[in-house]
Amino acid sequence: MRQSQLFVRTSKTSPKDEETVNAKLLTRAGYVEKLMAGVYNYLPLGLRVLRKIEQIVREEMNAIGGQEILMAMLHPKEIWEKTGQWKKLDVLFELESRTGKEYALGQSEEEVVSPLVMKRVSTYQDLPLAAYQIHWKFRDELRSKSGLLRGREFFMKDMYSFHEDQKDFERFYEIVKQAYLKVFQRAGLVAKVTEASGGAFSEKISYEFMVLTDAGEDDILYCDTCEFCVNVEIAKQKEKDKCPKCGKGKLARATASEVGNVFDLGQKYGKDFDLKFVGRDGSREYPVMGCYGIGISRLMGVIVERFNDEKGILWPESVAPFQIHLIDLKGASAEPVYDELTKQGIEVFYDDRDASAGEKFADADLLGIPWRAVVSPKTGTKIELKNRTSEKTEEIDLEGLIKRFS
Ligand code: ATP
Ligand code: MG
């Protein structure tokens, strides 16, 4: 992609109405644009990042047998009444049509997916199964001041699993937890698995995946020696100091952002919608369900919170909008390099604008593409390569560049 043709420009100043680093940098760099509090438009480069994260999540969900679907966002009131959430769930957006019919906007999709799946399950032999989607969610959040970390409209992966019994659910729960750790690792993050309360209607413990960041809205206690981690919300008094798991480590308090979580839903939805299957002994039973969320747009914000410096963003390679930011300086042309790299399938963002070196480098630092490749009269046929995280440069020829990035 040519930078000269991109209709979005970078900005030297931070938006005045943003408080967090992720919102400031993503807006300045032209990745996103705020439409109103908690609602963002994704611009060409921002969409590329969102799609990269989405694809990592998709691959890991497919790898554990998840089947991707796309469910409706506009829901009839009746399904929310069935689960007792209509006029009750504080974050549910409820609206009325001109004929007086009432709807909800999807904030989670148990109400849709449970009947959708169980209609097609007749016996235990059809189980287990897991369906997921990657789609927008709407929530009437009270505060939305954290940029992409808390939207009123946000992008989420939500998966739902169906099992013949608790034991089979527990087996799959463990598999999903491992897949989640892989997702966050591939996105360049270290997530801590935190025990938390089960939420609105579950007595059970749920697990949250937390990334340490000052911009987060959760407080956790974690052990400095073993992997024990707990949300302060449910930490017991005696756990405030010494680790209850290993007995050796000390607990440290930190601010974190929840990038994903997994829930044991038990038989609630089977019961609410009267969905049964024929079990092994011939009796009709409710399925045991699990649900599993990953905040994809929140992840994008958290990555920026974790990887930035005074000049801009430092994207991990796996989620960067492009692999290489190619720049030509006055008196040289990178056209043949751009053509060749593109032909080889390498993702290149080419700054072909008529601008000063200073301006181009400042933009490159702000945008945060991992590798900067400069063609200038000084370097001749060689290309000067530099990583965004380092001050060191190296000279490489086109062939070497292609080899390195394909
Ligand atoms: P939180 O405690 O942060 O409000 P939640 O417990 O309501 O999160 P879930 O309903 O389980 O979250 O949603 C699954 C995932 O979606 C969360 O782990 C988080 O990453 C993301 N998420 C939830 N609410 C938002 C939001 N308002 N904006 C962006 N991402 C969100
Ligand atoms: Mg919430």
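Bear in mind the structure is a predicted one, so any value in this text is a computation, not a measurement. Counting starts at 1 for both ligands and their atoms, following the listed order.
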Does the gap between the ring centers of [X] and [Y] come in under 6.0 Å?
X      : Y      : value
Phe155 : His135 : no
Phe138 : Phe93  : no
Phe322 : Trp371 : no

Ignoring hydrogens and geometry beyond distance, is a side-chain donor-acceptor pair present between [X] and [Y] at under 3.5 Å?
X      : Y      : value
Asn62  : Tyr132 : yes
Tyr160 : Asp158 : yes
Asp214 : Thr255 : no

Please confirm whether [X] comes within less than 3.5 Å of ligand 1 when only nitrogen or oxygen atoms on both sides are compared.
X      : answer
Ile294 : no
Gly293 : no
Glu141 : yes
Asp218 : no

Using modelled atom types and a 3.5 Å cut-off, is there a donor and acceptor pairing between side-chain atoms of Arg284 and backbone atoms of Phe277? no

Pull out every atom of ligand 1 sitting under 4.0 Å from any heavy atom of [X], numbered as shown with elements.
X      : result
Gly151 : 26 (C), 27 (N), 28 (N), 29 (C)
Val259 : 18 (O), 20 (O)
Gly260 : 18 (O), 20 (O)

Option of least heavy-atom distance to [atom] (set: [options]):
atom                    : options                        : result
atom 14 (C) of ligand 1 : Glu153, Glu217, Met156, Met210 : Met156
atom 21 (C) of ligand 1 : Gly295, Ala196, Ser297         : Gly295
atom 17 (C) of ligand 1 : Gln107, Glu258, Met300         : Glu258
atom 5 (P) of ligand 1  : Arg298, Arg139, Glu208         : Arg139

Hey, is Val91 one of the residues with a heavy atom under 4.0 angstrom from ligand 1?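 Outside the 4.0 Å threshold, so no.
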
What is the closest protein heavy atom to [atom], and at what distance does it sit?
atom                    : value
atom 1 (P) of ligand 1  : Arg150 NH2, 3.5 Å
atom 31 (C) of ligand 1 : Phe154 CE1, 3.3 Å
atom 11 (O) of ligand 1 : Asn261 ND2, 2.7 Å

Scan Trp315, Phe361, Phe349 and name whichever one has a ring pair (Phe, Tyr, Trp, His ring centres under 6.0 Å) with His325. Phe349

Among Lys88, Lys87, Lys101, exactly one meets salt bridge (Lys or Arg N to Asp or Glu O under 4.0 Å) together with Glu94. Which residue is that?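 So the option named by the test is Lys87.
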
Identified salt bridge (Lys or Arg N to Asp or Glu O under 4.0 Å) partner of Glu18 from the options Lys145, Lys24, Lys34: Lys34

Give the contacting part of Asp158 toward ligand 1: side chain, backbone, both or neither, where contact means a heavy-atom distance below 4.0 Å. neither

